[in-house]
Number of protein chains: 4
Amino acid sequence: MSHNSFGHLFRVTTWGESHGPAIGCVIDGCPSRIPLTEADIQPWLDQRKPGGSRFVTQRRESDTVRILSGTFDDGDGPVTTGTPISLMIDNEDARSKDYGEIARAYRPGHADYVYQAKYGVRDHRGGGRSSARETALRVAAGAVARLILGSDIAIRAGVVQIGPHRIPDDALDFDAVQDNPLFAASTEVVQPWSDYLDGIRKAGSSIGAVVALEVTGVPVGWGAPLYAKLDAELAAALMSINAAKGVEIGAGFASAELSGEDNADEMRLSPDGLPVFMSNKAGGILGGISTGQPITARVAFKPTSSILTPRRTITRDGTETELRTKGRHDPCVALRAVPVVEAMAACVLADAMMRHRGQMGG
Amino acid sequence: MSHNSFGHLFRVTTWGESHGPAIGCVIDGCPSRIPLTEADIQPWLDQRKPGGSRFVTQRRESDTVRILSGTFDDGDGPVTTGTPISLMIDNEDARSKDYGEIARAYRPGHADYVYQAKYGVRDHRGGGRSSARETALRVAAGAVARLILGSDIAIRAGVVQIGPHRIPDDALDFDAVQDNPLFAASTEVVQPWSDYLDGIRKAGSSIGAVVALEVTGVPVGWGAPLYAKLDAELAAALMSINAAKGVEIGAGFASAELSGEDNADEMRLSPDGLPVFMSNKAGGILGGISTGQPITARVAFKPTSSILTPRRTITRDGTETELRTKGRHDPCVALRAVPVVEAMAACVLADAMMRHRGQMGG
Amino acid sequence: MSHNSFGHLFRVTTWGESHGPAIGCVIDGCPSRIPLTEADIQPWLDQRKPGGSRFVTQRRESDTVRILSGTFDDGDGPVTTGTPISLMIDNEDARSKDYGEIARAYRPGHADYVYQAKYGVRDHRGGGRSSARETALRVAAGAVARLILGSDIAIRAGVVQIGPHRIPDDALDFDAVQDNPLFAASTEVVQPWSDYLDGIRKAGSSIGAVVALEVTGVPVGWGAPLYAKLDAELAAALMSINAAKGVEIGAGFASAELSGEDNADEMRLSPDGLPVFMSNKAGGILGGISTGQPITARVAFKPTSSILTPRRTITRDGTETELRTKGRHDPCVALRAVPVVEAMAACVLADAMMRHRGQMGG
Amino acid sequence: MSHNSFGHLFRVTTWGESHGPAIGCVIDGCPSRIPLTEADIQPWLDQRKPGGSRFVTQRRESDTVRILSGTFDDGDGPVTTGTPISLMIDNEDARSKDYGEIARAYRPGHADYVYQAKYGVRDHRGGGRSSARETALRVAAGAVARLILGSDIAIRAGVVQIGPHRIPDDALDFDAVQDNPLFAASTEVVQPWSDYLDGIRKAGSSIGAVVALEVTGVPVGWGAPLYAKLDAELAAALMSINAAKGVEIGAGFASAELSGEDNADEMRLSPDGLPVFMSNKAGGILGGISTGQPITARVAFKPTSSILTPRRTITRDGTETELRTKGRHDPCVALRAVPVVEAMAACVLADAMMRHRGQMGG
């Protein structure tokens with residue numbers, strides 16, 4: 001991964017700031033002849049901004065994506081041509097007027113200070129480049145990656161923990177995710193979590209969360225030792241999402257408390273003679289290579305630092321002050337991360353598939 | 001990170017299998033005129049194999065490193081020349097005779113099955129390429145990276161949890177690590193953990209663990225948005241270590257239970273007018289860029305699957321069988337990961353420093 | 001260089017087809033705080049389309065560049081922020097109606113056949129991705145690279161040969177290039193070459209040419225052994241320009257006829273004790289590293305295959321046919337390559353400077 | 001290409017200096033299950049040092065290659081395992097005693113001065129890293145690349161010009177190359193060229209040359225727009241060879257004198273309905289993608305600067321002096337470049353094949 005690109009054969013480069021004229025990305029390396037129009041991408045973007053929900057930022061953007069290159073209609077509808085796919089989303093609701101104070105003071109917990117220190121200048125409007133707005137492009141790229149992977153591979157994520165409230169592992173239901181505004185992986189928690197988040201929201205506070213990922217249908221053999229391990233690339237991709245602070249694969253941190261007997265997934269043969277595992281502590285990856293089992297991961301997100309309570313900070317000019325984040329804010333930014341987690345997984349997997357095919361054929 | 005290389009300007013490529021004639025690495029991009037002999041690397045390798053300890057594998061290797069290129073003595077002792085540094089370690093104690101059974105059957109929890117499925121062939125002797133033996137090269141490369149970073153940057157890791165036994169966060173003492181055979185970050189746990197591990201060892205079992213990392217002295221500004229984020233690159237580097245299943249930065253998964261008030265690190269000015277943070281939930285990284293605070297991370301390691309209890313598995317030829325790992329084994333492989341965690345952090349930081357310097361000068 | 005990106009620390013990714021809605025590029029890794037507006041880029045683009053000249057394609061494009069990201073005005077005018085710079089140029093004059101016949105038949109000497117064979121589909125309109133239109137983005141990126149390099153480095157190119165007509169080496173005058181519509185590196189050839197090209201144009205034919213490059217002000221030490229050699233990277237960058245068929249550095253192919261005595265540039269000390277070379281057969285590069293002398297290179301361009309004479313070819317459907325290129329065409333496409341040659345050199349050098357700084361500091 | 005690596009999916013990293021203990025390379029990304037022993041590589045290395053010839057350096061090296069990793073014998077002989085292949089060649093005849101004077105003074109036309117200026121230190125013994133000795137590793141890597149490409153692809157090079165003496169294009173005979181000590185692509189020139197080179201050698205002088213390359217059997221479709229063009233990657237790979245000063249593809253610099261009518265290769269259908277070209281001015285590459293025709297290229301090499309005539313130069317300490325290269329030297333270094341040109345082509349093509357397969361399948 002270089003500064004603003006990720007992937008190798010399937011390579012995505014994103015650009016744009018929260019309050020510039022637009023944001024966009026270039027997808028390079030996509031195979032040709034895949035049917036692709038904006039209608040294949042837009043639904044994933046729409047999912048990321050569940051309109052009327054009171055739990056997500058009130059910024060109003062249609063997030064309408066346009067394909068500017070890389071497809072051609074030769075009579076049977078637009079298909080990819082194998083050349084770079086340029087996607088663009090205009091910024092419509094960029095209220096720069098809100099951002100007077102944070103031009104001067106660093107918001108604690110945000111990237112304001114480090115951008116200023118590193119670059120000597122920063123686009124403070126809405127967080128500039130560090131805004132979560134950029135994640136729309138990851139979702140768009142992920143939509144293309146899904147088309148490459150095909151429908152046999154299902155990539156699903158959902159919120160499994162908000163603050164102290166956690167869905168038991170044996171109650172996870174990814175089918176529930178799209179049916180509730182919390183992206184929760186269980187219908188049973190929707191009401192209590194909504195009440196809990198209402199409290200957070202009314203207090204002008206925020207809370208962290210954990211998002212779980214499950215990918216089914218990945219064949220054995222993707223990923224490569226030793227530094228292109230599938231889990232290492234997933235970890236980088238997921239940790240690069242705004243506010244992510246932790247990533248675990250399979251049993252993850254719980255592995256620390258497991259014995260060798262409990263941790264190793266035993267193998268048997270299926271009735272038709274294929275290898276099957278009797279558990280999936282590995283999360284579908286061994287030695288950095290997919291096992292054919294579902295790939296499972298979890299990502300921890302910190303609470304947003306944009307809260308109503310005044311916080312102590314300093315200004316660019318070197319004076320101490322207090323800052324209270326007015327305007328829009330999310331009580332739990334992790335909710336919006338669910339489609340982003342899925343998208344990053346899709347991109348990593350499409351790249352791994354293509355690299356495997358490059359080395360090994362088939 | 002490509003298949004067997006990591007880093008960009010400071011780039012390390014490793015090669016070799018557990019039971020081949022040797023293992024080695026090539027370090028490309030090292031600045032010139034850094035004094036370097038084997039004596040700068042060997043101590044870090046020696047640390048990785050604490051001789052008499054009964055808690056680590058009994059394989060006997062001197063792990064003597066040789067520098068084959070990239071240094072030159074122009075009168076004042078050997079210094080780096082800016083050209084590739086080739087390091088090699090001979091394999092001495094490669095008892096291939098031990099490995100008859102695992103040539104045929106897949107060890108559960110190991111990479112045997114996926115290598116065979118991906119490549120159609122595997123070097124089964126001692127795990128071949130997937131053996132933890134390769135981590136010696138990471139430690140060697142890390143020693144060079146430390147020289148680039150200089151003595152103002154201190155990189156330290158230690159075991160903070162073994163099975164259910166955990167050192168409280170406020171009791172971490174990285175100074176203790178080098179003084180005990182468990183690499184524990186506290187002297188107080190050494191005796192009880194030793195007793196606990198003795199039990200594990202005698203039972204022919206194994207247990208997971210967590211290693212904590214702390215890096216001090218990194219200035220504000222290293223790392224870069226959005227896909228070369230310092231935390232994303234650390235996550236990949238640490239997750240690429242054998243048996244790693246989880247990585248967290250700063251408060252990590254605990255962030256999920258934090259409120260915005262508790263999570264955001266407030267800022268003040270030091271008596272001499274410099275920015276200071278009043279806490280470090282961020283683990284020294286915001287927006288993917290170092291804050292100048294200590295960088296803190298934790299890595300979860302699974303228990304080794306090489307245990308004495310027979311486990312169900314299948315053979316290459318497609319029959320069901322049971323496998324019991326004879327010969328050497330570690331009750332807790334994470335102990336040996338401590339210097340590897342440090343080394344990977346050193347490599348990531350040297351690369352981040354050089355890339356920052358490349359873009360921004362200074 | 002990956003598919004549609006080039007450079008490492010200064011990295012340019014381009015996208016877009018000749019007749020899509022727009023073309024664009026993303027420049028990643030640019031240092032921050034460099035003053036940058038469209039006015040710094042537009043003049044280089046304007047230079048590429050010398051309005052009234054009868055020697056270049058009659059396609060009418062304003063080629064107005066827009067900066068969509070990566071700059072910010074913090075009070076003293078827009079400066080780069082260190083984040084990706086997205087540039088876009090709308091396609092205005094895309095007469096798709098012209099392209100009915102070439103949708104069906106492969107133009108000899110063009111990339112039509114290989115795109116179709118490789119990808120199974122191609123955007124035939126105006127050459128699609130393989131159109132020289134893409135070079136506008138190289139020129140735009142080169143304008144940014146020049147700002148990084150600073151005014152001490154002068155990058156100049158000019159046409160030195162058209163067909164059999166060649167400017168003697170000792171008569172090269174790069175100052176003349178901007179003053180004549182042929183971009184010729186000598187005022188004396190303008191009239192005879194114009195007459196010659198008029199003949200070519202009226203005959204509906206075309207002719208090849210050679211463009212020379214000279215870069216002054218590059219300090220000793222940029223570039224790196226062995227595969228990031230400055231001449232190797234220049235060769236790739238220049239050979240990637242449309243219609244380029246040859247690249248030579250310094251004495252180039254003439255080196256084959258030189259003796260060791262004549263070829264090696266002897267060294268002396270200047271009056272102030274600095275190393276000076278007494279000739280520059282090396283073209284400013286030895287061992288892949290800049291010597292401090294002017295960097296000189298030459299690029300050969302083939303004639304465009306878009307000519308009025310019918311040529312034998314085949315169709316997509318596998319029938320033999322003849323094709324005559326109607327509509328716009330250039331009698332000598334190399335004329336338009338002059339600013340592109342300069343731009344590619346600027347990008348390679350900015351990247352080399354930043355990589356040198358990354359490894360060696362300073 | 002990064003500093004000391006080239007290729008993407010088929011990636012080669014070389015290390016070592018002329019007079020260090022050894023030189024070596026790591027080949028990453030090789031497909032698995034390719035039969036490989038030293039006997040597949042050694043003949044290519046032997047070819048590079050035609051024993052008794054009086055036209056090449058008298059340094060005596062057995063150049064015995066050892067495979068240190070990446071192969072495994074599972075019963076049917078050693079095959080590649082898909083993991084890194086480490087190759088090593090010991091340096092045997094490293095007469096450091098010869099190099100006293102050049103430790104102090106810069107050899108004109110060599111890389112001594114630029115290495116010293118860039119790195120502040122250099123291994124002067126035998127040219128250190130800039131020695132042509134490194135090209136043995138390119139030849140070794142090329143041998144592996146050939147195995148990937150298979151026997152349908154024939155890669156052949158030969159000397160076609162020495163000084164003013166040139167083999168006419170229509171007299172090229174690559175079959176002749178292995179039968180004469182000059183690697184000349186014609187038997188008829190062997191005697192006169194030998195006489196000519198004897199004169200050069202006796203005079204203690206040297207002369208440049210041109211090497212031609214022809215690759216047959218490459219299918220249509222390898223390479224990719226716009227910066228991974230096959231010709232751009234070939235140009236970089238060939239220009240990175242020691243002493244290379246120019247590269248041309250197909251008609252190359254002669255294109256500058258061609259008309260569009262003469263340059264564009266017309267197409268017809270073969271009796272069995274396949275596309276055929278009626279000429280090959282393009283050199284087998286259009287738009288950066290292979291056409292299915294033979295790929296042809298030519299590389300110009302400068303004469304070595306190691307000659308007996310004293311040349312003016314300066315010392316590290318800043319005094320003017322004269323230098324006369326004693327000891328071994330080649331009258332025409334390009335002779336030894338013939339297998340290197342072939343090897344670099346093989347590596348570029350193997351990488352292009354794998355990348356094409358990664359993106360497009362098949």
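Letters A, B, ... are given to chains in the order of the sequence lines, protein chains preceding strands, and every chain is numbered from 1.
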Could you pull out the closest heavy-atom pair between [X] and [Y], with the gap in Å?
X	Y	value
B:Ile85	B:Leu36	CD1-CD2, 4.0 Å
B:Leu147	B:Pro35	CD1-O, 3.9 Å
B:Cys25	B:Leu137	N-CD2, 4.0 Å
B:Leu149	B:Ala346	CD1-O, 3.6 Å
D:Ala140	D:Leu87	CB-CD1, 3.7 Å
D:Val348	D:Ala237	CG2-CB, 3.5 Å

- Item | Contacts of B:Ala243 that satisfy side-chain contact (heavy atoms from CB on, under 4.5 Å) - sequence neighbours left out | B:Phe301, B:Lys302, B:Val333
- Message: Heavy-atom pairs under 4.5 Å with chain B - which of D:Pro84, D:Ala22, D:Gly16, D:Gly120 has more of them than the others?
- Response: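 Most pairs with chain B among the choices: D:Pro84.
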- Taking every heavy-atom pair that is under 4.5 Å apart, which of B:Gly128, B:Gly29, B:Gly24, B:Gly70 has the most such pairs with chain D? B:Gly70
Chain D against chain B: donor-acceptor pairs under 3.5 Å:
| residue | atom | partner | partner atom | Å |
| --- | --- | --- | --- | --- |
| B:Asn4 | N | D:Asp28 | OD2 | 2.7 |
| B:Asn4 | ND2 | D:Asp28 | OD1 | 2.8 |
| B:Asn4 | ND2 | D:Asp28 | OD2 | 3.4 |
| B:Glu17 | OE1 | D:Gly70 | N | 3.3 |
| B:Glu17 | OE2 | D:Gly70 | N | 3.4 |
| B:Glu17 | OE2 | D:Thr83 | OG1 | 3.0 |
| B:Asp28 | OD1 | D:Asn4 | ND2 | 2.8 |
| B:Asp28 | OD2 | D:Asn4 | N | 2.7 |
| B:Asp28 | OD2 | D:Asn4 | ND2 | 3.4 |
| B:Ser32 | OG | D:Tyr119 | O | 2.6 |
| B:Arg33 | NE | D:Tyr119 | O | 3.4 |
| B:Gly70 | N | D:Glu17 | OE1 | 3.3 |
| B:Gly70 | N | D:Glu17 | OE2 | 3.4 |
| B:Asp74 | OD2 | D:Arg316 | NH1 | 3.1 |
| B:Asp74 | OD2 | D:Arg316 | NH2 | 2.7 |
| B:Thr83 | OG1 | D:Glu17 | OE2 | 3.0 |
| B:Tyr119 | O | D:Ser32 | OG | 2.6 |
| B:Tyr119 | O | D:Arg33 | NE | 3.4 |
| B:Arg316 | NH1 | D:Asp74 | OD2 | 3.0 |
| B:Arg316 | NH2 | D:Asp74 | OD2 | 2.7 |

